[in-house]
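Here is the structure we will look at, set down as structure tokens.
Start at 1 and go down the list; that is how both ligands and their atoms are numbered. The chain is numbered in sequence order, starting from 1.
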Amino acid sequence: MPCHIDTILVLNAGSSSLKFTLYKIQGEQRLANGVVERIASGSANMVYRRGDGPKTEKPVIARNHSDAIQLVCEALTNPETGVIKTLREIDAIGHRILHGAEIFREATLMTEETLSKVRELVPFGPLHMPANIGGIEACQTIFPGVPNVGVFDTAFHQTMPDYASHYAIPEIYYQKYGFRKYGFHGTSHHFITDAAAEFLGKPVDEVNLVTCHLGNGSSLAAIKNGKVLDTTMGLTPLAGVVMGTRSGDIDPAVVLELVRKGMTADEIDNLLNKQSGLLGVGGINSNDMRDIVEHAAAGYHGAQLALQMWAHRIVQYIGAYYTLVGGADAIVLTGGIGENSWQARDLVLSRLACLGVDYDSEANRTLRGPCYLTKPESKTKVMVLPTDEELMIARETYKVVTQGC
Ligand code: ADP
């Protein structure tokens, strides 16, 4: 394994998209980033940005993820708009992988052996895992000899004890099918746990936190001494708080009743994952928090109800997790909503005085993260810390590749 690692490519292959970021790892400088969208649709599109420059966008031909990676390579090495001279400058590649089950507890070098284990996990993420694997396979061909590292969205949550991660159904279902809570957004929770420790000036293995990733998909985690004790998502990302289009927690008997009324598994899947949450309750044909806030302020009952349900469930989990970790040093907010929507944050933070949160509503309206939203004397801090999953993948990739150097 090479010990001198300078440039790392991070790839996040979704079912029909490929996000990419190229880093100079010393100094964590982002050289370029972008996305190839609508892969295999006949109307693919590529967005590319060099450093902090303007975004450019153009239609492209991308029949599959391999084509998309070729396009990324061309863009990065383009004599006019690129940032490297040749692909040989790329020292390692980090890949976001949705699911590592219990096999991958940390970022792992992809060899034939580990990749074949990843292939066995396709049933845990039939939509995303084939794309994640396809991205690694394409890189093995395009970048021969360059190490590929898998960074798993579930890995950070693997520290949950069995009494937190198991479901209270006969253990045979766990043994036979692996039914348990895995949790997701692990890379983001990991990033903001490290960032919060630094912000608080404490060693990471001494911080107790409630981390809240609030975006279109949302999850919270209880962090005890820097490790996950519990998290809101489960076997799949459907569980937990109310999300853009997902219901979050629901009495499973509702699903049984829908089956008895004749709905198929696919129809219920679509209902709970794609038609519910802010979209389903708000009734304004939008899952975007900005629209929900605007319509709630204008008096739309559905949007008001959706917003109240969203905040209620988050306050409920913050209280639960604050207790589970034995009192948190801080509550950390991130994600599109956590970082940007002061109205949504206000609904949550104004109810946390009982947890020792002395909240500064003016700071909440005006400041942008990284920042505190509590007064200096507040016993429990609240902070907004922008997440950066790509950078976390680059850091993890560097760690794996330089192990033993
Ligand atoms: P994803 O889970 O798809 O990564 P994001 O983390 O990008 O989602 O979050 C999307 C959510 O963030 C949307 O509900 C959107 O309304 C909200 N959001 C993004 N920017 C803003 C903003 N400037 N003000 C308020 N809400 C915002």
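Phe199 has its ring centre less than 6.0 Å from the ring centre of Tyr372. Phe152 has its ring centre less than 6.0 Å from the ring centre of Phe104.
Nearest protein heavy-atom neighbour of atom 26 (N) of ligand 1: Arg290 CG, 3.5 Å. Scanning the protein heavy atoms around atom 13 (C) of ligand 1, the nearest turns out to be Met289 N, 4.0 Å. Residue, atom and distance of the protein heavy atom nearest to atom 22 (C) of ligand 1 are Asn340 CB, 3.2 Å. Atom 11 (C) of ligand 1 has Ile337 CG1, 3.7 Å as its closest protein atom, hydrogens excluded (heavy atom only). Remark: minimum distance from atom 3 (O) of ligand 1 to any protein heavy atom is reached at Asn216 CB, 3.4 Å.
The closest side-chain donor-acceptor pair between Asn340 and Arg368 falls under 3.5 angstrom. Inspection of the Asn45 and Arg38 side chains reveals no N or O donor paired with an N or O acceptor under 3.5 Å. There is a side-chain donor-acceptor pair under 3.5 Å between Tyr359 and Asp346.
Where the criterion is an N or O separation shorter than 3.5 Å, residue side chain and backbone included, Asp288 meets it with respect to ligand 1. Some N or O of Gly217 is nearer than 3.5 Å to an N or O of ligand 1, by distance alone.
Between Phe184 and His99, the ring planes are perpendicular. Angles over 60° get that label, and only those under 30° would be called parallel.
More than 12 heavy atoms of other shown residues, nucleotides or ligands fall within 6.0 angstrom of atom CZ in Arg119.
Taking each of Gly336, Ala344, Gly338 in turn, the one with a heavy atom nearest to atom 5 (P) of ligand 1 proves to be Gly336.
The closest approach between a heavy atom of Gly244 and any atom of ligand 1 is not below 4.0 Å.
Listed by number with element, the atoms of ligand 1 under 4.0 Å from a non-hydrogen atom of Ser341 are 25 (C), 26 (N).
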